[in-house]
Amino acid sequence: MEQGGLGSDSVPPSGSIDKSRVLDVRPLRCLVPMFPSSPGMGSVSNPHATPFVCVPPTGPFPPGVSPLYPFSVSNGSHNNQNTAAGQPGPYGFGNTSTIPSPVPLNAFRTPQGPSINGDAGRSRRGNRNRTGQGIVIEDDDDYSDSQNHSEPYVSGFSMHVNDVEAGSSGRRKKGGGSQKRTRRAQQQLESFSEVDVDSEANGILAVFRLAELDPDKKSNGDKELVQRILLIFDLLRRKLTQLEEAKDPTPGSTRRPDLRAATTLMTNKGVRTNSLKRFGHVPGVEVGDIFFFRMELCLVGLHAPSMAGIDYMSVKLTMDEEPLAVSIVSSGGYDDEGNDGDVLIYSGQGGVQRRDGQMFDQKLERGNLAMEKSLHRANEVRVIRGLKDVANSTGKIYVYDGVYKIQNSWTEKNKSGCSVFKYKLSRVAGQPAAFTLWKSIQQWKDGVTSRSGVILPDLTSGAESQLVSLVNDVDDEKGPAYFTYIPTLKYSKPFSSPKPSTGCHCIGGCQPGDSNCPCIQRNGGYVPYSSLGVLMSYKSLIYECGQTCSCPPNCRNRMSQAGLKVRLEVFKTKDKGWGLRSWDPIRAGAFICEYAGDVVDASRVSELASENEDGYVFDSTRIYEPLEPVNDPSIEPAKAPFPLVISAKNSGNVARFMNHSCSPNVYWQPVLQESNNDSYLHIAFFAIRHVPPMQELTFDYGMIRSDQTSYRRKKCLCGSAKCRGYFY
DNA sequence: GGGACTTCAGCCAC
DNA sequence: CGTGGCTGAAGTCC
């Protein structure tokens, strides 16, 4: 497991450990990213920080267009935080040396959202009337309002998107006539009721302590909240998928569980964050973060529209309000070209009838107008790149590629002869690589360029279906100590089954909704995995099909037996010995690998711990914190039914290289395979959240019991906010 | 406040 | 495996 013993500096020299000193160790904030996927942008932690500071205009600007001072600069908390962490400001665009004193924010009034004065859209309409008369009158009421409401205004150039009033949970207005309504109602009766969705959501929210969300947090998030909301969304989405599938196994019966989950959370429960629209980065979302649904972008405030590609907001300057673009999603819906790493050519919206596909000229309105204005104001625009998901042919992955600025705009005639707006955007310098990293990885895979620092192209020598590279691009070490690669767990003697199992008879594989399948029955009536191999919910134990089952090896209920699904590499970390990471994106709940090695008699664990100082041990008898923050007695934490201890010192697989973290992105689940009287317990690792390529994979090694004294304490370098400071 | 309109979804079938 | 059909939901506009 932890590679501390292999010449790294994560463990003090043996024999001379000053425990009092070790105990005093503070969480280190020095996990310098080797690859750009890391804690990088450190997220804006101060929600009250002024998002904009003044910089000199960087014209030239066209006549009649005044430069918008507040843009083009990051907020101060970025810099402070990163200075404290001993890192340079991650984005460069902060360029603080050129910043004169900030301009009072009320010089740039924002339109007031309904949460502020309950009068949404007033200023817009008022404005239009005034300009219609050719006279611009400063609205005194509005102005004094904005000064009095200093609380919402300190958050600066931002506005509430949708402030859900407390207690309006029943609000789910449906457009359309009664005919549409009844049909919808009918459909919902056929699948499952709103009550089911609601109670599922309430259950999850209670467990994750998000039943009522602080309005301040709803407006301005942080990394922890962003991750928690994404986790809840995906748990609910997976649960709804599973419920629908079991009720009606015919394909096509699943009615957008992504939308159901998102609206239940956002609209009904008010669970969302960063609902204040803003320019620039979003607190808690880092460059390189990945998403699998458009609704996820909405939930965390990265991009509000559920479908539209351009998000924008009206900004009141000294006189007029004008729309400015805040973010775009580039999904290849139009013919975007020249997507060469840090440059993006983006097409305007409109010009096509969604019904019949008929085309006409695009107009300079809505998003197109906002893009045009943003070109002149030179504000930062967030870019989310939609890419094809290789693991899911019809699916897409959205990569947050950081902020860009619009360089240029023009119109073109498309194939149908209609004019289309085009915008050239270039990436603001100094941000961690995101989209370009994806391109590099593709080139490594295609063999166009080679991954630098490769020691071995395949450390498994063909034992796995996927290659696993051994890479060191930080120092001279030529590899970890010798071990034998084995892809699965080795039992000398299986546990004995409490009751004999004859297995299932699902010739074509176990199907959801088949209530006769004994394997599905043992999993509580559901197949535990989705069709994509994603674990649908946390379980205390997963029952997979075993040797005596008639189903084929590709049965959905044999996920952890099917081998590696992603392209992994074992790499030398900067300060934690060897580690594990993936070239491929991994979605939340996806199976990663099992813990292979030799099953050891649990009574030998002390002996093993003392002779196996490098910690190549998996011990299910340790104390593992449940993933859920609430100790709900009805929810059992993952706990193996037998005391399973695995040694991977002499033989093991990629799992032995996974390092410890106090806020990990991977967790383990016990998986049981039974045949006749024998029980084979395995440890399977799954992603807790979406993991972008090249982000180190870590799990929580757990705490030792008071009688497990032979384990040696090691200094933890995980760098997370809730780091315990040590691990075993 | 409400309803129409717009929109680089997502899923499955063909 | 590409594409076409179908149902979507948020936000803006009116």
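- Map A/Cys298 and A/Arg366 each onto its nearest nucleotide of DNA chain C; the residue landing nearer the 5' end is A/Cys298.
- Remark: A/Ser331 is in phosphate contact with B/dA9, judged by side-chain N or O atoms under 4.0 Å from OP1 or OP2.
- Among residue pairs with one or both ends in residues 283-313 of chain A, those qualifying as ring-ring contact (aromatic ring centres under 6.0 Å, His included) are A/Phe292-A/His690; sequence neighbours excluded.
- A salt bridge does not link A/Glu322 to A/Lys316: none of the charged side-chain nitrogens sits closer than 4.0 Å to a carboxylate oxygen.
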Here DNA chain B, pairs taken as Watson-Crick or G-U under 3.5 Å and shown with ( ), [ ] when crossing and | when to another strand, reads .||||||.||||||
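- Residue A/Arg260 places none of its side-chain N or O atoms closer than 4.0 Å to OP1 or OP2 of C/dT7.
- When atom types are taken as modelled, the side chain of A/Arg558 and the backbone of A/Pro552 share a donor-acceptor pair closer than 3.5 angstrom.
- Closest to the side chain of A/Asp258, out of C/dA9, B/dG10, C/dT12, is B/dG10.
- Pairs engaging residues 297-314 of chain A under the salt bridge (Lys or Arg N to Asp or Glu O under 4.0 Å) rule: A/Lys277-A/Asp311 [sequence neighbours left out].
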Short N/O separations, protein against nucleotides 1-4 of chain C, under 3.5 angstrom:
residue	atom	partner	partner atom	Å
C/dG2	OP2	A/Lys388	NZ	3.3

Should A/Arg556 and A/Glu245 be marked as a salt bridge (Lys or Arg N to Asp or Glu O under 4.0 Å) after you check the CA-CA gap, both sets of side-chain angles, and the distance that decides it? CA-CA 14 Å; A/Arg556 225 163 101 171; A/Glu245 212 176 43; 2.8 Å; yes
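- Shown here are the salt bridge (charged side-chain N to carboxylate O under 4.0 Å, His left out) partners of A/Lys424, two or more places apart in sequence or in another chain: there are none.
- Positionally, the nearest nucleotide of DNA chain B for A/Met307 lies more toward the 5' end than for the other of A/Phe292 and A/Met307.
- One interatomic measurement links the two molecules: CG of A/Leu369 to P of B/dT7, which rounds to 14 Å at whole-angstrom precision.
- Nearest heavy atom pair, residue A/Ala304 against residue A/Cys298, reads O-SG, 3.0 Å.
- Taking atom CG of A/Leu302 as the reference point, atom P of C/dA10 lies 18 Å away to the nearest angstrom.
- If you check every strand for non-hydrogen atoms under 4.0 Å, A/Gly395 touches nothing.
- Spacing between atom CE of A/Met295 and atom P of B/dT7 amounts to 17 Å, rounded to whole angstrom units.
- Taking atom CZ of residue A/Arg294 and atom C1' of nucleotide B/dC11, one finds them 16 Å apart after rounding to whole Å.
- Distance A/Asn368 CG to B/dT6 P: 14 Å, rounded to the nearest Å.
- The interatomic distance linking A/Leu240 (CG) with C/dA9 (P) rounds to 12 Å, in whole Å.
- Per the geometry, CG belonging to A/Asp311 stands 11 Å off C1' belonging to C/dT12, to the nearest Å.
- Across the interface with DNA chain B, nearest-nucleotide mapping of A/Asn392 and A/Gly348 shows A/Gly348 to be the residue nearer the 5′ end.
- A sub-4.0 Å separation between OP1 or OP2 of B/dG10 and a side-chain N or O of A/Lys396 is absent.
- Summarising the geometry, the separation between CD on A/Glu365 and P on B/dT7 is reported as 8 Å, rounded to the nearest angstrom.
- Nearest heavy atoms, A/Met307 versus A/Arg294: O-NH1, 3.0 Å.
- Side-chain N/O atoms of A/Tyr398 include one lying less than 4.0 angstrom from OP1 or OP2 on B/dA9.
- In terms of the side chain to side chain donor-acceptor pair (under 3.5 Å) criterion, A/Arg382 has no residue partners (sequence neighbours excluded).
- Put simply, A/Tyr312 has a side-chain N or O that comes within less than 4.0 Å of OP1 or OP2 on C/dC13.
- Between the side chain of A/Arg256 and the base of B/dA9, at least one donor-acceptor pair of N or O atoms lies under 3.5 Å.
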What do the steps show when you test A/Asp401 against A/Arg385 for salt bridge (Lys or Arg N to Asp or Glu O under 4.0 Å), and what is the final call? CA-CA 7 Å; A/Asp401 200 30; A/Arg385 301 219 187 210; 3.3 Å; yes
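- At C/dA10, one or more side-chain N or O atoms of A/Thr267 fall inside 4.0 Å of OP1 or OP2 (strictly under the cut-off).
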